[in-house]
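Comments concern the structure below.
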Amino acid sequence: MVDQIEQQKERSISDAKAILNGELKPVEYLLELATQLLDYEEFSWARGILELAVKQNITHKQPSEEIAQKRALATYKDPELNRVKAIDQAIDILRDAFDLLTTTNYETLRLAGAIYKRKWEVEGNKVNLDRSLAYYERGFKAGVAGDNGYTAINAAFIHDLIAYTVEKQATDYLAFLENRHDQHLKPRKDKLTGNFELMETAVSERRKKAIEIRSAVIEFLSEKLKNINNSPLEVNSYEPMSTLAEAYFGVGNYKEAGKWLTLLKQIPNLPERLFVSTIKQLVQLAKFQAKADISDQDLEQTEAWQTLIDYAGEKANARALYSLYRGKLGLALSGGGFRASLYHIGVLAKLAEHDLLRHIEVMSCVSGGSIIGTHYYLELRRLFNVENKTDADITREDYIKLVETIADDFLAGVQKNPRVSLLANPWYNLRLIFSLSYSRTLRIGELYEELIYSRIKDNEGSAKRWLNNLYVYPEGNKNFLPRRDNWSRLAKVPELVINATTLNTGHNWQYTASWLGESPAEIDKEVDGNDRYRRTYYYQAPDNYKNVRLGSAVGASSCVPGIFEPLILNGLYPDFTVRLVDGGIFDNQGVEGLLEQDCDIIISSDASGQLNTEKDPGGGIIKPLLRANNTVMQRVRNSQFEDLKDRTRSGIIKGFAFVHLKQGLEGEDINVVNSTEPLKVQPDPNARTSYGIRKDIQKLLANIRTDLDSFSDIEAYALMTSGYRAMEPALNYLKGIFPLNQEKKRDWKFLQLEPVMTQSEGGGEALEKLKANLKVSSLKFGKVWKLYKPLRLTAIALIALSVIALVAIWLTHPGWKPFSPILSWLANSLTINIILGTVVMLLIINLIMAVIGAKEAKFATLLLSFHDLPWRIAAGLGIGLIGWIFALIHLKVFDKWFKAVGRMPL
């Protein structure tokens with residue numbers, strides 16, 4: 001049956017393509033085709049067909065109104081549009097076709113109510129929820145018979161939703177104040193307590209109104225449907241039957257509700273989306289009508305919940321249904337090189353310990369977060385696809401073992417030093433000169449696969465990994481789609497979003513297992529006039545993009561400008577050369593990807609490089625430029641954090657847990673010279689953060705390099721421990737949403753450092769060794785020379801001998817100039833003929849390219865790119881012929897010493 005539906009959907013899409021490419025069809029056909037596409041939830045295609053229908057001469061009012069209604073539906077649900085703008089456009093479409101202030105057209109009222117409810121979900125402004133209610137109530141007042149009670153039942157639902165929201169916000173705020181002992185908050189507590197009775201009265205009135213509306217629906221539909229069993233059940237019977245079931249459920253008559261829900265399940269070929277929409281509505285209603293602070297365990301004991309379990313049957317159990325009212329949990333993993341990756345492992349460990357990883361439905365990753373996020377996803381995919389465990393069999397222990405494996409394997413891969421390994425092979429480096437399609441970004445992506453992902457025991461080994469093959473098939477279900485099917489699972493299958501930045505447009509570029517392209521979510525065309533490179537599914541993409549290397553996607557997400565070249569995509573869009581760079585340029589926290597996927601609860605792990613206070617940031621040109629760029633990035637980060645807090649306060653986001661490397665490190669107020677302000681209190685050298693890490697250690701961790709080189713055991717374990725400890729208090733913000741498993745704390749290997757990092761007094765050899773290792777961890781080069789005493793003494797001796805030798809030569813040969821041979825060679829070799837010849841050659845290449853085209857003249861393109869040419873030659877010859885030797889020596893000698901000095905235990 002599923003295959004048949006897919007085939008019908010593909011035929012409808014094929015017809016839509018032909019029409020949009022110029023095939024003429026009458027309006028009636030376009031309307032019928034758009035209706036089919038809407039049934040398949042292909043909103044973008046439906047919108048395109050309906051836009052075409054509008055342009056044709058429509059003389060009849062009814063088709064015109066129906067097209068407007070379907071256009072509004074397709075527009076506000078179209079994932080290819082900016083969410084806010086899509087909603088506003090849908091409202092404008094209805095407003096142009098109807099007088100929204102007075103209309104009693106039921107279809108228009110139900111659409112307007114749904115659109116304004118969606119606007120409230122996206123923006124959090126309660127005014128939009130009130131507007132939604134007003135449209136639904138107008139439908140109720142126009143008569144239940146007109147639309148079989150659809151607008152009426154939704155009006156009742158919104159009354160309960162508003163009542164629950166008001167009650168919960170008041171209850172949560174009062175609980176917050178009760179837990180605060182600040183004296184100045186007492187008047188606020190007294191005022192809120194005094195207003196509680198008024199709030200309860202308002203809530204009670206809303207719930208009475210909801211019952212009144214539902215009673216009217218029951219009175220009409222119970223009579224209309226009393227003989228429903230005398231004829232075969234059909235899909236078109238779904239809406240009135242589900243409306244009646246919800247009405248009985250809402251007034252507490254669960255016996256009658258259960259009877260009608262049982263009948264719903266008997267409808268032949270009932271689409272899954274209709275089944276899910278019913279159970280989702282009823283789950284939320286059960287929550288809204290219960291006490292705002294009811295526990296999951298108490299909710300399970302209610303008659304309402306048991307009715308839902310009976311309806312769900314084999315499709316879900318009690319625990320799985322919670323996700324329908326909790327909402328979607330998303331995890332954002334920030335950029336920050338391997339520093340971020342290792343910190344995120346500690347966060348994953350804490351989430352596994354509390355059995356929260358099973359609830360994650362979206363992972364949005366950037367740069368270093370993409371490297372470790374992909375590793376986690378591949379291990380999870382192995383658990384689902386290779387071990388093939390059933391949903392009920394996947395336990396907390398599975399997630400803990402998975403993270404333990406990642407911690408060991410990922411660190412082992414990191415300690416192969418991908419950055420230096422990239423330089424240590426002369427053949428790969430020489431390709432930088434002659435290949436336009438090969439770059440350090442592609443090579444680092446290959447190294448991610450070879451050094452890290454090849455360790456995953458999923459039967460793919462060290463073979464090339466393809467992004468478009470990363471589907472997860474739990475229990476062998478080849479038709480599984482996370483967005484559609486996750487609701488019924490205890491162990492969710494997360495969608496992996498790898499974020500990069502498009503240099504062409506300045507937009508967010510995303511890779512998933514299904515598609516690639518720019519996200520529409522944050523593109524507001526009123527202020528952003530740039531083009532958007534639309535997403536394409538791999539099966540629809542040009543032949544050379546039907547298979548995309550996983551390492552290339554992760555490489556694009558982590559290719560920091562100035563260190564790595566952009567990833568180049570040619571031939572994906574006509575006449576465009578797309579260049580991708582580090583995703584952190586657009587959003588270094590990865591949060592935007594979660595908001596786009598409608599995540600209601602967000603966990604953000606931020607180990608990015610934050611702006612530090614500088615006593616003198618430096619002058620000149622380069623230093624202020626770099627500092628200014630970092631300031632802009634810090635401002636974006638702060639604004640994003642404030643936006644998330646606002647969304648949480650307004651109810652758009654139900655929960656938000658945030659950890660970062662500077663957590664618990666407060667800045668100081670610096671007095672001016674000769675200030676009369678009180679002198680600052682000397683800081684406690686043994687002070688600790690709220691999550692127990694010594695502040696002097698946490699400051700060193702916040703300064704660790706954001707690089708892709710080798711990290712020692714000490715550096716890695718310290719970062720993991722910091723992320724692990726910071727996550728514990730942050731999860732307090734999710735306690736009321738998810739049950740946190742409180743079983744015995746796991747004895748993680750990286751916690752060997754915990755006693756030293758959390759000690760409250762004294763010093764000791766172990767603490768001093770830890771500090772010594774972390775003090776040099778901010779350096780990109782020369783760490784081992786500072787850590788390893790024999791090397792440090794050797795370096796001092798070599799410098800001293802070199803200075804003595806130069807002075808001795810200078811004194812014995814006064815006319816000798818150290819660089820005169822080089823300067824003399826340049827003066828003799830660089831003639832005017834060579835200079836003029838080079839200019840003429842460049843002019844000829846310009847002429848060739850103008851005649852035959854730049855695409856065909858690839859070698860000419862290479863020569864003409866004279867800005868890149870010196871760097872390519874220098875990098876290719878310098879590193880390829882000579883530099884690789886030093887890189888190899890570093891890997892085989894100095895990097896080994898560095899890891900030996902930083903080996904555990906301390």
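Quantities reported herein were computed from a predicted structural model and do not represent experimental measurements. Below, all heavy atoms of this structure are taken into account, side chains as well, without hydrogens, waters or symmetry copies.
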Quiz item: Got a sec, which residues hit ring pair (Phe, Tyr, Trp, His ring centres under 6.0 Å) with Phe750, two or more places apart in sequence or on another chain?
Solution: Tyr724, Trp748

Practice problem: Output the distance between atom CG (Asn547) and atom CG (Asn469), rounded to the nearest 0.5 Å. | Solution: 6.5 Å

Self-check item: Residue from Leu708, Thr706, Leu701 passing side-chain contact (heavy atoms from CB on, under 4.5 Å) with Arg339
Solution: Thr706

Quiz item: For atom CZ of Arg579, is the number of surrounding heavy atoms from other residues, nucleotides or ligands below 6.0 Å larger than 12?
Solution: no

Practice problem: Would you mind reporting whether Phe658 and Leu644 have side-chain heavy atoms less than 4.5 Å apart? | Solution: no

Quiz item: How close do Glu596 and Ser519 get, heavy atom to heavy atom, and via which atoms?
Solution: OE1-OG, 2.9 Å

Quiz item: Residues two or more places apart in sequence or in another chain: which of them pass salt bridge (charged side-chain N to carboxylate O under 4.0 Å, His left out) with Asp707?
Solution: Arg419, Lys780

Quiz item: From Leu342 CG over to Ser722 OG, what is the distance, rounded to the nearest 0.5 angstrom?
Solution: 11.5 Å

Quiz prompt | side chain to side chain contact (heavy atoms under 4.5 Å, CB included) between Asn703 and Ser777, worked out | solution = CA-CA 8 Å; Asn703 288 323; Ser777 62; over 6 Å; no

Considering only distance and modelled atom types, tabulate donor-acceptor pairs under 3.5 Å from the side chains of residues 362-379, sequence neighbours left out.
from, atom 1, to, atom 2, distance (Å)
Ser364, OG, Asn499, ND2, 3.0
Ser364, OG, Gly590, O, 2.6
Ser367, OG, Asp582, OD2, 3.0
Ser370, OG, Cys365, O, 3.1
Ser370, OG, Val366, N, 3.3
Ser370, OG, Ser367, N, 3.3
Ser370, OG, Ser557, OG, 2.7
Thr374, OG1, Ser370, O, 2.7
Tyr377, OH, Leu470, O, 2.7
Glu379, OE1, Arg382, NE, 2.8
Glu379, OE1, Arg382, NH2, 3.2

Quiz prompt | Taking every non-hydrogen atom, the tightest pair across Tyr573 and Val578 | solution = CD1-CG2, 3.8 Å

Quiz item: Side chains of Gln640 and Asp606: closer than 4.5 Å at any heavy-atom pair?
Solution: no

Quiz item: Can you list the residues that meet the side-chain hydrogen bond (donor to acceptor under 3.5 Å, both in side chains) rule with Asn544, with sequence neighbours excluded?
Solution: none

Quiz prompt | Any side-chain heavy-atom pair of Leu550 and Tyr511 under 4.5 Å | solution = no

Exercise. Determine the minimum heavy-atom distance between Val420 and Ala887, stating which atoms define it.
Key: CG1-O, 3.4 Å

Quiz item: Is Glu450 paired with Arg443 through a side-chain N to carboxylate O contact shorter than 4.0 Å?
Solution: yes

Quiz prompt | For Gln510 against Gly593, the heavy-atom pair lying closest together | solution = NE2-CA, 4.0 Å

Quiz item: Does atom NZ of Lys546 have more than 12 heavy-atom neighbours, drawn from other residues, nucleotides or ligands, at distances under 6.0 Å?
Solution: yes

Self-check item: Smallest separation among heavy atoms of Gly584 and Asn588, with atom names
Solution: CA-OD1, 3.2 Å

Quiz item: Rounded to the nearest 0.5 Å, how far apart are OG1 of Thr577 and CG of Leu569?
Solution: 9.5 Å

Quiz prompt | Check: Gln698 side chain, Leu661 main-chain N or O, donor-acceptor pair, under 3.5 Å | solution = yes

Self-check item: Residues in ring pair (Phe, Tyr, Trp, His ring centres under 6.0 Å) contact with Phe586, at least two apart in sequence or another chain
Solution: none

Quiz prompt | Nearest atoms (heavy-atom pairs only) where Ser710 meets Glu715 | solution = O-OE1, 4.3 Å

Quiz item: Could you state the interatomic distance from OG1 (Thr505) to CD (Glu518), rounded to the nearest 0.5 Å?
Solution: 3.5 Å

Quiz item: Should the ring pair Tyr448 and Phe338 be called parallel, tilted or perpendicular, given that the plane angle runs from 0 to 90° and is split at 30 and 60?
Solution: perpendicular

Under 3.5 Å, which donor-acceptor pairs link side chains of residues 889-898 to any protein atom two or more places apart or in another chain?
from, atom 1, to, atom 2, distance (Å)
Asp895, OD1, Asn417, ND2, 3.3

Self-check item: Salt bridge present between Arg440 and Glu565 (N-O < 4.0 angstrom)
Solution: yes

Quiz item: Hey, are the side chains of Met727 and Ile603 touching, using non-hydrogen atoms and a 4.5 Å cut-off?
Solution: yes

Quiz item: Has the side chain of Glu449 got a donor or acceptor atom that lies under 3.5 Å from a matching backbone atom of Arg465?
Solution: yes

Quiz prompt | Check: Gln589 and Arg637 side chains under 4.5 Å, non-hydrogen atoms | solution = yes

Exercise. Look at atom NZ of Lys771 and say whether more than 12 heavy atoms of other residues, nucleotides or ligands are closer to it than 6.0 Å.
Key: yes

Self-check item: Nearest-0.5 Å distance that lies between atom CZ in Phe781 and atom NZ in Lys786
Solution: 14.0 Å

Self-check item: Side-chain touch Leu572/Tyr533, heavy atoms, less than 4.5 angstrom
Solution: no

Self-check item: Spacing of Leu447 atom CG and Lys416 atom NZ [to the nearest 0.5 Å]
Solution: 12.0 Å

Quiz item: If we only count heavy atoms from C-beta on, is the Ile444 to Pro418 side-chain gap below 4.5 Å?
Solution: yes

Quiz item: With side chains defined as the heavy atoms from C-beta onward, is the minimum distance between Phe410 and Ile452 less than 4.5 Å?
Solution: yes

Quiz item: Is atom NZ of Lys899 surrounded by more than 12 heavy atoms (other residues, nucleotides or ligands) closer than 6.0 Å?
Solution: yes

